[in-house]
**Q** 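Here you go, one structure.
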Amino acid sequence: NMKPEDVGLSSELLFFKPKSAGKGTPGVTYTSIYQSKNFSLCIFFLPPTAVIPLHNHPEMTVFNKLLLGSMHIKSYDWVDPDPSNVPELSSQPRLARMKTDKVFTAPCNTSVLYPTSGGNIHSFTAVTACAVLDVLGPPYSKDDGRDCTYYRDFPYSSCLDRAIVKAEDNFKDACCYGWLEEIEVPKDLKMDRIPYLGPQIEKQSCSSPYSS
């Protein structure tokens with residue numbers, strides 16, 4: 001039920017109005033509302049045509065809520081989510097099943113990404129200026145093995161080995177699959193952090209009904 005005004009947002013904010021179109025992909029702005037070891041709460045602001053490339057959320061559950069604007073979201077899940085089956089060479093493409101490939105316009109339902117389902121690997125492309133609220137639990141942590149990895153996707157090709165795909169998958173719907181190749185952090189990805197100026201988080205102690 002979150003709305004833009006709940007976090008102090010308005011379509012009139014300056015970062016929705018780039019001073020000039022410029023060349024290349026426009027940058028993304030973000031702000032952190034709250035962060036702990038258990039979860040993080042942040043908002044990403046994307047001007048028109050801005051892109052957050054295809055990336056994953058290892059061992060994480062993520063809630064995405066589009067608060068303002070229209071955004072194209074593409075997401076995938078691994079066909080075989082078992083890490084032990086991943087090829088030693090990370091550059092080798094890995095087969096994924098497409099979960100989402102469409103444009104969302106606020107207000108819309110919250111999407112939920114689970115560690116192995118729901119579209120854990122996704123990308124955002126702003127159709128109009130937009131803002132999206134992210135809740136990540138637990139948050140990214142390189143020390144704990146939850147580092148962000150970026151990917152390039154390729155259409156499914158019948159010339160590649162189908163044997164790695166589980167028998168129950170229906171290859172008549174080849175458009176529902178893609179090959180994901182791990183890449184370095186894109187050089188044109190620009191993200192700037194700004195202070196959070198909306199309503200503040202209020203911490204309250206919770207007493208147990210079983211305490212004496």
**Q** With a cut-off of 6.0 Å (strictly less than), are more than 12 heavy atoms of other residues, nucleotides or ligands near CG of N109?
**A** no
**Q** Locate the shortest heavy-atom distance separating M60 from N120; write the atom from each residue and the value.
**A** O-ND2, 3.6 Å
**Q** For the pair H72 (side chain) and V103 (backbone), establish whether a donor and an acceptor sit closer than 3.5 Å, ignoring hydrogens and angles.
**A** no
**Q** Check for me, please, whether L68 and L197 land in the same ILVMFWY cluster - side-chain distances under 4.5 Å, paths through other members count.
**A** no
**Q** Flag the pair R152 and E181 as a salt bridge only when some basic side-chain nitrogen lies within less than 4.0 angstrom of an acidic carboxylate oxygen.
**A** yes
**Q** For F63, does the CZ atom have more than 12 heavy-atom neighbours from other residues, nucleotides or ligands under 6.0 Å away?
**A** no
**Q** Assess the pair W78 and Y151: is the distance between their ring centroids shorter than 6.0 Å?
**A** yes
**Q** Taking all atoms of both residues into account, what is the closest heavy-atom pair of P81 and T116, and its distance?
**A** CB-CG2, 3.8 Å
**Q** Between Q35 (side chain) and I33 (backbone), is there a donor-acceptor pair under 3.5 Å?
**A** no
**Q** Nearest 0.5 Å, please: how far is OG1 in T149 from CD1 in I121?
**A** 9.0 Å
**Q** Rounded to the nearest 0.5 Å, what separation is found between the CZ atom of F44 and the OG1 atom of T31?
**A** 10.0 Å
**Q** With a 3.5 Å distance limit and no angle check, can you tell me whether S36 reaches the backbone of N38 through a side-chain donor-acceptor pair?
**A** yes
**Q** Which atom pair, heavy atoms only, marks the closest approach of V62 to N64?
**A** CG1-ND2, 3.8 Å
**Q** Indicate, with yes or no, if L136 and V132 share a hydrophobic cluster defined by side-chain heavy-atom contacts under 4.5 Å among Ile, Leu, Val, Met, Phe, Trp and Tyr.
**A** no
**Q** Any non-hydrogen side-chain atom of L133 less than 4.5 Å from a side-chain atom of L41?
**A** yes
**Q** Tell me, please, which residues at least two apart from Y76 pass ring pair (Phe, Tyr, Trp, His ring centres under 6.0 Å).
**A** none
**Q** Taking the side chain as every heavy atom from C-beta outward, state whether I183 and P186 have any atom pair closer than 4.5 Å.
**A** yes
**Q** If you measure from the Lys or Arg side-chain nitrogens to the Asp or Glu carboxylate oxygens, is any gap between D153 and K74 under 4.0 Å?
**A** yes
**Q** Report the distance from atom CG of L67 to atom SG of C130, rounding to the nearest 0.5 Å.
**A** 10.0 Å
**Q** Spell out, as yes or no, whether a donor-acceptor pair under 3.5 Å connects the side chain of D77 to the backbone of G118.
**A** yes
**Q** Quick one: pull up OG1 in T61 and OH in Y114 and give me the separation to the nearest 0.5 Å.
**A** 7.0 Å
**Q** Any link between L180 and V51 through a network of hydrophobic side chains (Ile, Leu, Val, Met, Phe, Trp, Tyr) touching at under 4.5 Å?
**A** no
**Q** When you group the ILVMFWY residues by side-chain heavy-atom contacts below 4.5 Å and let the links chain together, are Y140 and Y150 in the same group?
**A** no
**Q** Quick one: CD1 on I43 to OH on Y30, what's the gap to the nearest 0.5 Å?
**A** 13.0 Å
**Q** Quick check against the 3.5 Å criterion: does R146 have a side-chain atom that pairs as donor or acceptor with the backbone of H57?
**A** no
**Q** To check you understand the geometry: which heavy-atom pair defines the closest contact between P48 and A129, and what is its length?
**A** CG-N, 3.6 Å
**Q** Can you establish whether the number of heavy atoms outside F154 located under 6.0 Å from its atom CZ is more than 12?
**A** yes
**Q** So, D6 side chain and K3 main chain: donor-acceptor pair closer than 3.5 Å or not?
**A** yes
**Q** Go through the steps to decide whether H122 and N56 satisfy the test side chain to side chain donor-acceptor pair (under 3.5 Å), and finish with yes or no.
**A** CA-CA 7 Å; H122 68 189; N56 69 344; over 6 Å; no
**Q** Take atom NZ in K65; do more than 12 heavy atoms of anything else shown fall under 6.0 Å from it?
**A** yes
**Q** Out of curiosity, L189 CG to I52 CD1, how far, rounded to the nearest 0.5 Å?
**A** 7.5 Å
**Q** Check for a donor-acceptor pair, side chain of S75 on one end and backbone N or O of T100 on the other, with a separation under 3.5 Å.
**A** yes
**Q** I need the minimum non-hydrogen distance between P47 and G27, along with the two atoms involved.
**A** CD-O, 3.3 Å
**Q** Mind checking whether V127 and V28 sit in one hydrophobic cluster, side chains of I, L, V, M, F, W, Y counted as touching below 4.5 Å?
**A** no
**Q** Contact between F124 and M71 at the side-chain level, heavy atoms closer than 4.5 Å - yes or no?
**A** yes
**Q** If you look at every heavy atom in A131 and L66, which pair is closest and at what distance?
**A** O-CD1, 3.4 Å
